[in-house]
Amino acid sequence: MIVSGARWTVSLSLALAAGCAAGASGPVTVPAAELPSLEAARTRTPRDRDLLVRLGVGYYQAGRLTQAIDVLRAARAVEPSFAGLVYLGLAFEGAGNLDSAATVYQSLAAMRLSRAEQAEVGLRLTNVTQRQLAAFARDAVAREGALSRERPTPNVVAVLPWRYLGNNRELQPLEKGITHLILTDLSRIGSLRLVERERVQALTQEMSLTAAQRTEPGTGARSGRLLKAERVVQGTLRDEPRGGNLRLDASAVTTQTGAVAARGSASDRLAELFAMQKRVVLELIGQLGITLSAAERRAIDERPTADLQAFLAFSRGLDARDRGDFAAAAAEFQAAVARDPGFQDAREQAAAANRLSVAMGRTPTQLSGFVTGPGTAGTERGFTTALDALDIVAPSSAGTLIRQTAHRLPLPHARPTEALRQDDPSRIRSIAELIIVIPRP
């Protein structure tokens with residue numbers, strides 16, 4: 001069968017225009033008055049995925065979260081869809097089940113979505129993750145009695161925020177910067193597992209520790225037990241009264257006993273801050289009886305930057321981020337990169353702070369706005385259906401060619417086989433980017 005070039009253009013436009021039409025209808029809404037009929041329909045066809053999704057969306061929009069979760073789980077069991085997973089995640093969020101919401105958003109992020117959808121799902125996941133940290137800290141403090149009786153996880157180390165004991169406010173942010181360096185260096189050791197800095201920070205804030213408490217071995221032991229860490233590393237920076245030097249003192253505390261297992265100290269000019277920090281880390285490692293491989297030693301010897309001013313800006317960025325001022329954090333991290341373009345940690349933290357700044361301002365409604373119909377199943381499903389529809393009007397060999405080339409193009413969610421049956425001219429849209437790669441016979 002020979003298909004003319006004109007037929008190609010019209011056929012291709014018809015097949016792909018369906019996706020555009022689906023996205024043009026706006027976010028799906030299910031009136032509460034429709035729920036009884038949907039419930040009755042579910043009784044007749046309990047495995048109709050699109051029906052289940054629509055019913056779940058209706059329950060969610062009516063605030064009936066438990067029922068929404070049950071129905072949307074059933075829809076996922078039949079066949080996962082973009083709409084169903086979005087509203088399942090939102091329902092879990094609304095019910096306060098952040099862990100399950102995060103799991104759903106992670107599965108959504110693994111789908112083949114458009115860039116806009118992928119970004120919005122990622123922002124929702126970031127928002128939930130930040131709230132998970134706070135929830136973890138509240139739960140840990142509330143369950144302190146039970147957690148204190150549990151054995152810590154072997155070889156897990158938590159690094160508590162350090163404390164600056166001097167009067168130079170410009171050096172105060174080094175509390176966060178030195179903590180970051182210690183954490184990074186210890187993470188290079190294969191035999192150790194480090195508790196995430198964000199988790200430690202959330203717990204520290206929830207415990208409302210005073211500056212003085214943060215340096216006590218007993219506080220370190222208590223924090224470690226709540227984090228299920230075997231050891232906690234904590235320390236101080238202070239100005240020495242004579243010579244203008246800065247002194248670093250660190251200790252590693254065993255959480256079960258509160259005993260100090262290792263100590264490290266160094267004193268020198270501020271310009272030698274990075275060298276001092278390395279000496280302290282290596283001293284702790286040696287006293288803990290950890291033998292480093294040659295590769296681990298080289299990794300620990302690496303310095304993220306040689307520019308002290310860039311590191312101070314980076315430290316101010318960490319401090320701002322811990323206060324929840326993500327815009328200020330991003331600006332400080334960018335300032336660090338401007339001074340040292342090779343400062344990779346600062347570059348990564350700038351991107352993370354920008355993302356947090358946007359994510360924490362997002363609402364569930366903004367993600368639900370990407371759902372244009374209860375049956376949408378992610379770009380991958382809509383794309384495959386569109387290509388299947390091409391076989392109706394094009395030879396299979398041509399369909400194969402399109403499949404080989406068109407996966408590079410993001411498409412909106414679609415129900416193209418239905419659109420092909422409709423004669424509404426407004427649904428026909430030219431897809432020039434795809435047409436030009438198809439050779440005319």
Side-chain angles (χ1 to χ4, degrees), residues 152 154-166 171-195 197 200 204 209 211-224 227 229-305 308 311 315 318 345:
N155 298 322
V156 171
V157 176
V159 180
L160 292 188
W162 279 38
R163 182 190 173 198
Y164 173 61
L165 303 178
L171 300 183
Q172 190 85 33
L174 287 177
E175 294 180 335
K176 304 300 176 70
I178 291 295
T179 302
H180 175 85
L181 293 181
I182 298 287
L183 179 62
T184 300
D185 286 346
L186 292 179
S187 71
R188 311 286 194 189
I189 303 173
S191 61
L192 299 181
R193 292 168 55 199
L194 277 294
V195 180
R197 192 189 78 86
V200 175
T204 302
L209 299 176
Q213 286 176 318
R214 281 170 25 208
T215 64
E216 294 296 323
T219 301
R222 179 190 173 200
S223 302
L227 293 164
E230 184 178 35
R231 292 192 177 98
V232 167
V233 173
Q234 56 195 76
T236 61
L237 305 93
R238 59 186 174 89
D239 301 314
E240 293 197 319
R242 287 178 290 183
N245 284 351
L246 186 69
R247 182 179 180 87
L248 278 62
D249 291 296
S251 61
V253 177
T254 302
T255 57
Q256 278 193 301
T257 63
V260 176
R263 296 184 186 275
S265 298
S267 176
D268 211 327
R269 296 174 297 115
L270 177 60
E272 299 300 319
L273 177 67
F274 302 122
M276 286 191 287
Q277 182 266 326
K278 298 298 182 186
R279 290 202 300 271
V280 167
V281 166
L282 292 173
E283 197 170 342
L284 289 175
I285 291 170
Q287 292 184 28
L288 291 173
I290 298 172
T291 301
L292 298 176
S293 67
E296 289 170 340
R297 177 59 190 258
R298 285 195 300 272
I300 290 174
D301 284 340
E302 292 179 1
R303 301 182 182 187
T305 182
L308 183 58
F311 184 70
S315 300
L318 292 175
D345 281 358

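V233 is not listed as a side-chain neighbour of L160, based on a closest heavy-atom distance of 4.5 Å or more. Between K278 and D185 there is a side-chain heavy-atom pair separated by less than 4.5 Å. In this structure, L282 and L292 have side chains that are in contact, with non-hydrogen atoms separated by less than 4.5 Å. Contact annotation: the side chain of T255 never approaches that of L227 to less than 4.5 Å [non-hydrogen atoms, C-beta and beyond]. Within the 4.5 Å cutoff, no side-chain heavy atoms of I178 are placed close to those of Y164. Proximity of I285 to L186: side-chain heavy atoms (C-beta onward) are separated by under 4.5 Å at one or more points. For the pair P304 and T184, the minimum side-chain heavy-atom distance is 4.5 Å or more.
Heavy atoms only, all atoms of each residue included: G166 and D239 are closest at CA-OD2, 3.4 Å. Considering every non-hydrogen atom in both L288 and A261, the closest pair reads CD2-CB, 3.9 Å. Considering every non-hydrogen atom in both V280 and A250, the closest pair reads CG1-CB, 3.5 Å. The minimum heavy-atom distance between S315 and P173, with the atom names listed, is CB-O, 3.2 Å. In terms of heavy atoms, A221 sits closest to G258 at CB-CA, 3.8 Å. Q287 and A262 make their closest contact through OE1-CA, 3.3 Å (heavy atoms, listed as atom of the first residue, atom of the second, distance).
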query = Between V200 and V159, is a side-chain contact (heavy atoms from CB on, under 4.5 Å) present by the stated rule, with each step listed?
reply = CA-CA 7 Å; V200 175; V159 180; over 6 Å; no

task = Show the numbers, then the answer: is there a side-chain contact (heavy atoms from CB on, under 4.5 Å) between I290 and L192?
result = CA-CA 10 Å; I290 298 172; L192 299 181; 4.0 Å; yes

task = Could you please spell out the steps behind the side-chain contact (heavy atoms from CB on, under 4.5 Å) verdict for V157 and V232?
result = CA-CA 6 Å; V157 176; V232 167; over 6 Å; no

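Note that CG of L171 and CG of L165 are 12.0 Å apart. Values are rounded to the nearest 0.5 Å. Atom CZ of F274 sits about 5.5 Å away from atom CG of L308, to the nearest 0.5 Å. Atom CG in L248 sits 10.0 Å away from atom CG in L181 (nearest 0.5 Å). Rounding to the nearest 0.5 Å gives a distance of 10.5 Å between CE of M276 and CZ of R247. Here the straight-line distance linking atom CZ of F311 with atom NE2 of H180 works out to 7.5 Å at 0.5 Å rounding. Between R163 atom CZ and R238 atom CZ the span is 11.5 Å, to the nearest 0.5 Å.
In this structure, the side chain to side chain donor-acceptor pair (under 3.5 Å) partners of Q172, at least two apart in sequence or on a different chain, are E175. Take T305 and apply the side chain to side chain donor-acceptor pair (under 3.5 Å) test, not counting sequence neighbours, and it matches D340. Shown here are the salt bridge (Lys or Arg N to Asp or Glu O under 4.0 Å) partners of R197, two or more places apart in sequence or in another chain: D322.
For R193, the CZ atom counts as loosely surrounded, since its 6.0 Å shell holds 12 or fewer non-hydrogen atoms of other residues, nucleotides or ligands.
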Between side-chain atoms of residues 264-273 and protein atoms elsewhere (two or more places apart, or another chain), which donor-acceptor pairs fall under 3.5 Å?
residue, atom, partner, partner atom, Å
S265, OG, D249, OD1, 2.6
S267, OG, E240, OE1, 2.8
S267, OG, E240, OE2, 3.2
R269, NH2, E272, OE2, 3.3

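Residue pairs meeting the ring pair (Phe, Tyr, Trp, His ring centres under 6.0 Å) criterion with at least one partner in residues 236-267, sequence neighbours excluded, are absent. Applying the salt bridge (Lys or Arg N to Asp or Glu O under 4.0 Å) test to every pair with at least one member in residues 282-301, sequence neighbours left out, gives these pairs: R297-D301.
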